[in-house]
Amino acid sequence: MRIAIIGAGIGGLAAALSLHAIGETDIRVYDRVSELRALGVGINLLPHAMRELTELGLADRVEQKGVAPSTLAYFNRFGQPIWSEPRGREAGYRWPQVSVHRGELQLVLADAVRRRLGDDALQLGHRLVRVEEGADAAAAVFARAEGEASVAADLVVAADGIHSAVRASRYPGEGAPIWNGLTLWRGTARVPAYLDGRTMIMAGDGEQKFVAYPLGAPDADGLARVNFIAERRGVGAETVDWNLAVDAGPIVELFRDWSFAWLDVPALIAAADELLEYPMVDRDPIPQWTFGRTTLLGDAAHPMYPNGSNGASQAIIDARTLAFHVATAESPADALAAYEADRRPVTSELVLSNRQQGPERVMLLAHERAPEGFADIHDVISADELAEISAGYKRAAGFHPDLLNERPSLTAPSPIPPSPTPPR
């Protein structure tokens, strides 16, 4: 089967590797950039995504690039503890959670695509213009430096991100991504390790928040590369430019009073190698992903707020689910229908849940009930309520340990080799 994947991000590359794992070999991944570089900042791969990368034979390489956080801890804006829980294997999962630089993960996946499918599998410098559906095949039409090119495919996977050209062609009235008024500033810095050196922290409330987690172990000097996200409502702009670098000075001032006994937030922001500004945006869930031989995947299908650290993980699960159904369905049309039936309702609910802060709702409740702080969080929120917020989100997102550890594998049965042609 001829497969064209639009977008060489995490979802698109994971789709290529997943489809190759079920025996598909005629796969090409197209991207508008002329070179893949390790751009971006840190992301978290949750255990359900690491399970899929493990089954693709990539977990060791990914773990070498990042660090497995031991704990997730929530605090209010005064640094007072609200809730903490173990993560990954420490929480009883069979797979770890891994914090890793997004660009480095992308390059690991791209290298695997080239090694397994050949150098020609990655076609850069191709900007999608349109997809034309025909009776027997689809045609992806690209603009290139050499001129327009048309590529015939039995299956087109649109993993072209929040600004998906394929989605826009099917929903032309959708408009720009929806901004909720929050602006994020993201960066990495080498700073003294905090707490146990492996803790992911979130502090603040619905108006202002700070997130930090290490991307590697501390060095001999006790310094670790830490990824951080600073958020504030009512400043910034809704223009979506993933490479907009800004001066750290004004952001340091926004967090000037956030100096905790265990972490100096303004010093961390000031030490950033580069500070990138992002509006907090998503899109409304849509009623259909699949059109003929073309379907959506990852941020093209379900862009969501980063609350809960689920964006990249869900794209990887999309990829694996798509490949499973391509391997097991009677026809490509049946495969796309089964893929969408599995993934669209779940991810639509996640988009809406993340608008309510997902598991980070514990910080909103602490602020609403004790805006000036508290002596003991359980005077404000019961232990049962805190635990249910955390467990409820894990169930909704598909990574509650009890469910994930027992869920059947998405690895499809091995392809059956063709019978030898009998001699004449």
Identify all side-chain donor-acceptor contacts of residues 141-152 below 3.5 Å with residues at least two apart in sequence or on another chain.
residue, atom, partner, partner atom, Å
Arg144, NE, Gly147, O, 3.2

I'd like a table of donor-acceptor pairs (distance under 3.5 Å, sequence neighbours excluded) in which one partner is a side-chain atom from residues 293-307, with atom names and distances.
residue, atom, partner, partner atom, Å
Arg293, NH1, Asp154, O, 3.3
Arg293, NH2, Asp136, O, 3.1
Thr294, OG1, Glu133, OE2, 2.7
Thr295, OG1, Thr290, OG1, 2.8
His302, NE2, Asp318, OD2, 2.6
Asn307, OD1, Lys209, NZ, 3.3
Asn307, ND2, Asn354, O, 2.9

Exercise answer: donor-acceptor pairs, residues 6-23 side-chain atoms, under 3.5 Å, sequence neighbours excluded:
residue, atom, partner, partner atom, Å
Ser18, OG, Ala14, O, 2.7
His20, NE2, Arg116, O, 3.3

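For Glu90, the side chain to side chain donor-acceptor pair (under 3.5 Å) criterion is met by Arg198, not counting sequence neighbours. For Ser313, the side chain to side chain donor-acceptor pair (under 3.5 Å) test picks out no residue, with sequence neighbours left out. Take Arg190 and apply the side chain to side chain donor-acceptor pair (under 3.5 Å) test, not counting sequence neighbours, and it matches Asp219. By the side chain to side chain contact (heavy atoms under 4.5 Å, CB included) test, Pro285 is found to be paired with Ser348, Val351, Leu352, residues two or more places apart in sequence or in another chain being considered. With sequence neighbours excluded, the residues that form a side chain to side chain donor-acceptor pair (under 3.5 Å) with Ser409 are Glu55, Thr411. For Asn76, the side chain to side chain contact (heavy atoms under 4.5 Å, CB included) partners two or more places apart in sequence, or in a different chain, are Phe78, Gln80, Ile82, Phe374. For Val246, the side chain to side chain contact (heavy atoms under 4.5 Å, CB included) criterion is met by Trp185, Leu244, Leu275, Glu277, not counting sequence neighbours. In this view, Ala137 and Arg2 satisfy the side chain to side chain contact (heavy atoms under 4.5 Å, CB included) rule, not counting sequence neighbours.
Between Trp262 and Phe260, the angle of the ring planes lies from 30° to 60°, which puts this pair in the tilted group. In this pair, Phe228 and Phe210 present their aromatic rings parallel. The plane angle is below 30°, not in the 30 to 60° band.
The environment of Arg32 atom CZ is sparse: at most 12 non-hydrogen atoms of other residues, nucleotides or ligands sit within 6.0 angstrom.
Scanning all heavy atoms of the two residues, the minimum distance from Arg186 to Gly42 falls at NH2-O, 2.9 Å.
Contact of the Glu63 side chain with the Met50 side chain is registered, since non-hydrogen atoms from C-beta on lie closer than 4.5 Å. When side chains are defined from C-beta on, Trp95 counts as touching Leu404, because their heavy atoms get closer than 4.5 Å. Between Arg51 and Tyr93 the shortest side-chain heavy-atom distance does not fall below 4.5 Å. Under the 4.5 Å side-chain criterion, counting only non-hydrogen atoms from C-beta, Glu207 is not in contact with His367. Two residues are said to be in side-chain contact when any heavy atoms from C-beta on lie closer than 4.5 Å; Val166 and Val156 fail this criterion. A heavy-atom distance below 4.5 Å is not found between the side chains of Ile229 and Val41.
For the 3.5 Å distance criterion, the side chains of Gln288 and Arg344 fail to qualify, holding no donor opposite an acceptor. With hydrogens and angles left out, the side-chain atoms of Ser99 and Asn227 include no donor and acceptor closer than 3.5 Å.
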Salt bridge (Lys or Arg N to Asp or Glu O under 4.0 Å) assessment of Asp160 paired with Arg127: CA-CA 10 Å; Asp160 51 343; Arg127 178 177 62 82; over 6 Å; no
Glu253/Arg232 under salt bridge (Lys or Arg N to Asp or Glu O under 4.0 Å): CA gap, chis, key distance, verdict: CA-CA 12 Å; Glu253 290 305 314; Arg232 177 68 179 265; over 6 Å; no
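Residue pairs that meet the salt bridge (charged side-chain N to carboxylate O under 4.0 Å, His left out) test with at least one member in residues 98-109, sequence neighbours left out, are Glu104-Arg225.
By the 4.0 Å N-to-carboxylate-O rule, Glu388 lies close enough to Arg395 to be salt-bridged with it.
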